Amino acid sequence: MKSPLLSLPGAVPGEGLDEGVAAHYGDLFREQRALADGTGFVDLSHRGVVTVSGADRLSWLHLLLTQHVSELPPGQATEALILSAHGHIEHALYLVDDGETTWAHVEPGSQGDLIAYLESMKFFYRVDIADRTDDYAIVHLPAGSITDAPEDAVVRETPHGRDLFLPRARLTEFAQASGPPIGVLAYEALRVEAHRPRVGLETDHRTIPHELGWIGSAVHLQKGCYRGQETVARVQNLGKPPRRLVFLHLDGSEVKLPSHGAPIRLASEGEEGRQLGFITSSARHHELGPIALALVKRNVPVDAELIADSTAAAQETVVEP
């Protein structure tokens, strides 16, 4: 879905997962600084929006999600995962309940598969599932923003800021009143700085929650059964995940950032050494310079110097080995 805000002055379209919204509006670092200072807004209207209503919505979602949501209070934000039967991450849902309806935004284009799974699990429960992507756009206001949310928006407030489920017809009007617009590259740079994983970037077909530090924030360990729980419990109680998320400071002399999937190797072994992981996300940060997240084998020493393709990388631990 192409955002109308791509017509704003200076807008450069995003690519890949973020196609359909602006990557930036002409000055990436200025936009990052504004976002870090709590000003402006980010157009995330390409993300999918799914709602679940009905008397049984929370108790039913509680059976399917990794998070404890059966008594989720109205207005309280949370996040949750849907796992495969083998415990691999399939979806991440960013949730809030307004007292009558549970709202979730998800990765762009993933709402169809999510809804198909939810519909298959309805059985006799009193729930109604809807794709609201055509009707509602996600807009992010950074932490510290004094911008008022429109009365007809559903607000999901987190330590990182507020996600607004804004009627899509109001998006242009909101942008005119709430600038400056901030591109998704600035939003992504602050996400990488905060070590926050994203499905489709930090995940592949075999990623489990422990590898990305999602235990606690998106996975509740003292709740009832859900698909994939056996893997979660087994790894939590009896072992360690095979891989771990790391944060990388990249060599700033390189012109090009290593792309998603770029191989990680020990610097001591050079570019022909064994592949120990891969870059998941990379960004240019207004203060830290080039940075990245990567998924590496658990036994990679935490103090090892690494290379991503040919770029030197110093690691910081996100998930303990």
Side-chain angles (χ1 to χ4, degrees), residues 16-18 47 64-68 77-95 104-108 110 114 158-160 163 187-221 223 226-250 258-264 275-283 285 291-302 304 306 308 313 315-321:
L17 278 179
D18 293 321
R47 292 185 64 81
L64 305 178
L65 304 180
T66 58
Q67 187 59 272
H68 196 299
T78 192
E79 58 187 54
L81 307 176
I82 288 180
L83 307 180
S84 74
H86 298 291
H88 301 138
I89 297 168
E90 293 187 344
H91 297 280
L93 290 75
Y94 300 88
L95 300 158
H105 65 82
V106 297
E107 290 299 328
S110 68
L114 172 62
T158 77
H160 304 288
D163 297 335
Y187 179 84
E188 283 291 286
L190 298 190
R191 178 186 69 81
V192 171
E193 178 194 16
H195 310 161
R196 290 185 286 136
R198 183 176 174 187
V199 169
L201 292 176
E202 277 61 58
T203 65
D204 59 18
H205 66 284
R206 58 192 178 97
T207 307
I208 61 175
H210 312 70
E211 296 177 324
L212 303 183
W214 251 328
I215 301 299
S217 62
V219 178
H220 195 286
L221 295 175
K223 61 159 288 186
Y226 53 87
R227 190 174 69 172
Q229 186 197 25
E230 295 84 357
T231 298
V232 170
R234 184 170 63 251
V235 174
Q236 185 70 21
N237 297 323
L238 301 176
K240 295 283 189 178
R243 302 177 296 180
R244 60 186 180 88
L245 189 69
V246 297
F247 177 75
L248 300 178
H249 293 273
L250 302 172
S259 60
H260 174 78
I264 299 290
Q275 182 171 343
L276 302 175
F278 63 94
I279 292 287
T280 59
S281 300
S282 59
H285 191 275
I291 57 175
L293 294 172
L295 204 56
V296 301
K297 292 182 178 179
R298 178 172 57 87
N299 60 2
V300 173
V302 296
L306 306 174
Q315 61 171 312
E316 290 184 10
T317 300
V318 177
V319 174
E320 294 292 336

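Just so it is clear, the model here is predicted, and its values are computed rather than measured.
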* Can you tell if the side chain of Leu81 reaches within under 4.5 Å of the side chain of Tyr226, non-hydrogen atoms only? -> no

* Could you check if a side-chain atom of Arg298 sits within less than 4.5 angstrom of a side-chain atom of Pro242, using non-hydrogen atoms only? => no

* Heavy-atom count around Lys223 NZ within 6.0 Å, excluding the residue itself: above 12? -> yes

* **side chain to side chain donor-acceptor pair (under 3.5 Å) partners for Arg243, two or more places apart** => Asp204, Thr207, Glu211

* Main-chain N/O of Pro258 paired with Ser282 side-chain donor or acceptor, under 3.5 Å -> yes

* **Ile215 side, atom CD1; Gln236 side, atom CD - distance, nearest 0.5 Å** => 5.5 Å

* Taking all non-hydrogen atoms of both residues, which atom of Leu212 and which atom of Val319 are closest, and how far apart? -> C-CG2, 3.8 Å

* Asked: At their closest point, which heavy atom of Ala77 faces which heavy atom of Thr158, and how far apart are they?
  -> CB-CG2, 4.0 Å

* Which residues satisfy the side chain to side chain donor-acceptor pair (under 3.5 Å) test with Glu79, sequence neighbours excluded? -> Trp214

* Any side-chain heavy atom of Pro197 sitting closer than 4.5 Å to one from Leu293? -> no

* Where Ala313 and Leu248 come nearest, the two heavy atoms and their spacing -> CB-CD1, 4.1 Å

* To do: Please tell me if the side chains of Val232 and Leu221 come closer than 4.5 Å, counting only heavy atoms from C-beta onward.
  => yes

* Would you say the side-chain atoms of Glu320 pair up with the backbone N or O of Arg244, donor to acceptor, closer than 3.5 Å? -> no

* Any residue meeting salt bridge (charged side-chain N to carboxylate O under 4.0 Å, His left out) with Arg196, in chain and number order, not counting sequence neighbours -> none

* Could you check if a side-chain atom of Thr66 sits within less than 4.5 angstrom of a side-chain atom of Gln229, using non-hydrogen atoms only? => no

* Structure fact -> In this structure, CD of Gln67 is separated from NE2 of His220 (nearest 0.5 Å) by 6.5 Å

* Considering all heavy atoms of both residues, which atom of Leu306 and which atom of Val300 are nearest to each other, and what is their separation? -> CD2-CG1, 4.1 Å

* To do: To the nearest 0.5 Å, tell me how far Ile89 CD1 sits from Glu202 CD.
  => 10.0 Å

* Asked: Which pair of non-hydrogen atoms, one from Pro241 and one from Val235, has the smallest distance, and what is that distance?
  -> N-CG1, 3.8 Å

* Hey, are the side chains of Thr231 and Ile208 touching, using non-hydrogen atoms and a 4.5 Å cut-off? -> yes

* Before giving the answer on side-chain contact (heavy atoms from CB on, under 4.5 Å), spell out for Leu190 and His285 the whole-Å C-alpha distance, their side-chain angles and the decisive distance to 0.1 Å. => CA-CA 8 Å; Leu190 298 190; His285 191 275; 3.8 Å; yes

* Asked: Can you check side-chain contact (heavy atoms from CB on, under 4.5 Å) on Ile264 and Leu295, steps first, answer last?
  -> CA-CA 9 Å; Ile264 299 290; Leu295 204 56; over 6 Å; no

* **For Phe247, ring pair (Phe, Tyr, Trp, His ring centres under 6.0 Å) partners two or more places apart** => His195, His249

* To do: Mind checking salt bridge (charged side-chain N to carboxylate O under 4.0 Å, His left out) for Glu188 and listing every partner two or more places apart, or none if nothing turns up?
  => Arg191, Arg198

* Asked: Who pairs with His160 by side chain to side chain donor-acceptor pair (under 3.5 Å), at least two apart in sequence or on another chain?
  -> none

* Asked: Backbone N or O of Thr280 within a donor-acceptor pair of the His260 side chain at under 3.5 Å?
  -> yes

* Over all atoms of both residues, closest heavy-atom pair of Ala80 and Leu95 -> CB-CD1, 3.9 Å

* Structure fact -> Separation between CG (Leu65) and CZ (Arg227), nearest 0.5 Å, reads 11.0 Å

* Structure fact -> Rounded to the nearest 0.5 Å, the CG atom of Leu83 sits from the NE2 atom of His88 at a distance of 9.5 Å

* So how far is it from Arg47 CZ to His105 NE2, rounded to the nearest 0.5 Å? -> 5.5 Å

